[in-house]
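To start, the structure itself, in structure tokens.
These figures come from a predicted structure and were not determined experimentally. In what follows, chains carry the letters A, B, and so on, assigned in the order in which the sequence lines appear, proteins first and then strands, with residues in each chain numbered from 1.
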Protein chains: 2
Amino acid sequence: MRNILITIAYDGRNYHGWQIQKNSLSVQEVFQKNIEKILGHKVDLKGCSRTDSGVHANMYCISLKTNHQIPCQNLIRALNSYLPFDIAAKNCINVPDDFHARYSCKAKEYIYKIYNHPVRDPFLNGLVYHYWYKLDAPSLNDAAQCFVGKHDFTSFCTIDQRDRRNMQRTVKYFNVTKQDNIVTFKVCADGFLYNMVRIMIGTLLRVAQGKFLPEDIPNIINAKDRGKAGPTAQACGLYLNKVFY
Amino acid sequence: MRNILITIAYDGRNYHGWQIQKNSLSVQEVFQKNIEKILGHKVDLKGCSRTDSGVHANMYCISLKTNHQIPCQNLIRALNSYLPFDIAAKNCINVPDDFHARYSCKAKEYIYKIYNHPVRDPFLNGLVYHYWYKLDAPSLNDAAQCFVGKHDFTSFCTIDQRDRRNMQRTVKYFNVTKQDNIVTFKVCADGFLYNMVRIMIGTLLRVAQGKFLPEDIPNIINAKDRGKAGPTAQACGLYLNKVFY
């Protein structure tokens with residue numbers, strides 16, 4: 001039995017996230033159906049994370065076990081001929097037996113893209129969040145540094161906390177840059193709570209609007225109260241960008 | 001009566017080109033319907049050129065006459081709220097009475113984008129031509145210089161020549177560059193024959209494949225025979241990029 005790790009990229013506009021769901025199309029459903037056609041048997045896919053409806057991935061990792069002896073490069077080629085245009089198989093390697101795409105993950109990097117111009121870009125609908133008012137990337141970058149380090153991110157998590165899971169995460173870096181009209185937020189952590197990136201972005205946009213001061217961010221973190229943070233930014237600007245093992 | 005010039009950009013994936021057609025949706029049809037709602041009267045749109053089905057525009061120019069006194073900036077805002085997401089109104093200015101978006105045009109610049117990688121990019125379907133085998137931009141750029149200057153481009157025109165129109169055009173520059181995995185062809189001329197850019201690209205790709213030598217290009221031009229040139233490259237990589245008045 002081989003254990004293999006496959007890396008894909010996908011445009012999330014046509015999918016309700018990674019995870020299989022009733023009544024709506026997911027990336028997992030499409031990927032599973034196609035790889036099962038190629039391997040000729042049912043597979044149990046281990047995805048590196050859930051992603052929300054409309055969220056994209058430049059790099060998404062999947063591990064699975066198979067007896068099939070198809071060489072990795074041939075599997076990639078077969079996947080790319082079976083998969084629809086908005087999912088691309090990028091890489092495949094054999095991994096140790098105990099490797100698990102989700103549990104073996106040491107850190108993830110997300111990017112969030114804002115198209116910052118009064119007039120929309122007709123080519124970027126669903127691929128960026130369109131924000132009209134001028135953003136200053138250096139100020140956003142300064143404010144983002146408040147998130148770096150080990151914190152309880154309860155204020156930046158959508159789900160109910162009463163299950164008392166560990167809400168601590170370590171943000172390794174959080175950089176904001178601007179090129180042409182695109183503001184890119186790049187954040188890496190050892191793990192992310194549900195909607196954590198999008199709520200941090202929504203909170204930084206409140207700072208940009210002058211509704212929060214940058215120095216409010218540590219207080220919002222300490223409050224451990226979702227109600228204190230900014231809104232959840234739209235899914236369409238979010239990309240899972242790197243997965244570290 | 002004012003004469004106004006409106007600049008738009010559009011993603012051509014959902015349209016059968018600029019020009020109104022029976023039984024298929026065109027950019028002109030959508031634009032005309034919406035601007036007539038705003039101005040409250042029928043308009044006679046002068047578009048700067050036809051574009052083929054699936055071709056995109058970073059800059060497309062339209063002139064029209066109206067008695068409506070709406071300020072240019074308000075017209076842009078109104079258009080952007082009425083138009084679908086894949087058409088954006090960028091600019092509007094008042095122009096002299098005798099200005100005509102097509103006849104006043106002195107030159108146009110097109111770009112053609114090739115995604116040059118063995119694996120597709122899931123975000124670029126319909127926005128680039130996907131070409132697997134590695135392309136060398138400097139060699140393509142050298143070959144492209146054969147097109148620069150005043151030539152009879154009959155070999156690079158799809159339509160029947162028996163109407164004996166003037167088939168001479170002056171190519172001002174033709175540059176090929178590569179950044180990351182995108183090869184960009186940028187060509188400017190005082191005018192283009194039907195499918196001229198796409199046939200020049202198809203011919204340059206034949207050079208890249210070793211099926212033509214660069215020095216064959218002058219002979220293909222001199223032959224004045226469509227059959228001697230390469231195939232017409234796919235529409236999806238083509239963008240009208242600039243219009244000069």
Side-chain angles (χ1 to χ4, degrees), chain A residues 6-15 27 30-31 51 54-60 72-92 111 113 115 117-130 132 179-182 236-241, chain B residues 6-15 27 30-31 51 54-60 72-92 111 113 115 117-130 132 179-182 236-241:
Chain A
I6 298 171
T7 304
I8 64 171
Y10 59 83
D11 177 337
R13 284 181 288 190
N14 295 322
Y15 302 100
V27 179
V30 171
F31 186 84
T51 60
V55 170
H56 316 288
N58 290 324
M59 178 181 184
Y60 187 93
C72 283
Q73 282 317 301
N74 297 11
L75 180 55
I76 289 295
R77 270 197 289 273
L79 279 168
N80 282 323
S81 79
Y82 279 72
L83 289 168
F85 66 84
D86 51 8
I87 305 177
K90 307 279 254 187
N91 198 27
C92 175
I111 61 176
K113 290 190 200 177
Y115 183 71
H117 192 273
V119 177
R120 67 176 166 268
D121 182 319
F123 300 101
L124 297 179
N125 183 59
L127 293 177
V128 293
Y129 172 43
H130 182 203
W132 292 256
Q179 196 180 6
D180 301 322
N181 298 314
I182 306 276
C236 60
L238 189 62
Y239 295 69
L240 178 54
N241 198 50
Chain B
I6 298 172
T7 305
I8 64 172
Y10 58 83
D11 178 336
R13 284 180 287 189
N14 295 321
Y15 302 100
V27 178
V30 171
F31 186 83
T51 61
V55 170
H56 316 288
N58 291 323
M59 178 181 184
Y60 188 94
C72 283
Q73 282 317 301
N74 298 10
L75 179 55
I76 289 295
R77 270 197 289 273
L79 279 168
N80 281 323
S81 79
Y82 278 73
L83 289 168
F85 66 85
D86 51 8
I87 305 176
K90 306 280 253 187
N91 198 27
C92 175
I111 61 176
K113 290 190 199 176
Y115 183 72
H117 192 272
V119 177
R120 67 175 166 269
D121 182 318
F123 300 101
L124 297 180
N125 184 59
L127 293 178
V128 293
Y129 172 44
H130 182 202
W132 292 256
Q179 195 181 7
D180 302 320
N181 298 315
I182 306 277
C236 60
L238 188 62
Y239 296 69
L240 177 54
N241 198 48

In terms of heavy-atom proximity below 4.5 Å to chain A, should [X] be classed as side chain, backbone, both, or neither?
X        : answer
Leu83(B) : both
Ile87(B) : backbone
Pro84(B) : backbone

Quiz item: If you look at every heavy atom in Ala88(A) and Pro122(B), which pair is closest and at what distance?
Solution: CB-CD, 3.8 Å

Quiz prompt | Point-to-point distance, once rounded to the nearest 0.5 Å, from NE2 of His117(A) to NZ of Lys90(B) | solution = 6.0 Å

Quiz item: What is the distance from atom CG of Asp121(B) to atom CG of Asp86(A), rounded to the nearest 0.5 Å?
Solution: 11.5 Å

Quiz item: What do you reckon, are the aromatic ring centroids of Phe123(A) and Phe85(B) less than 6.0 Å apart?
Solution: no

Quiz item: Arg120(B) side chain to Asn80(A) main-chain N or O, any donor-acceptor pair under 3.5 Å?
Solution: yes

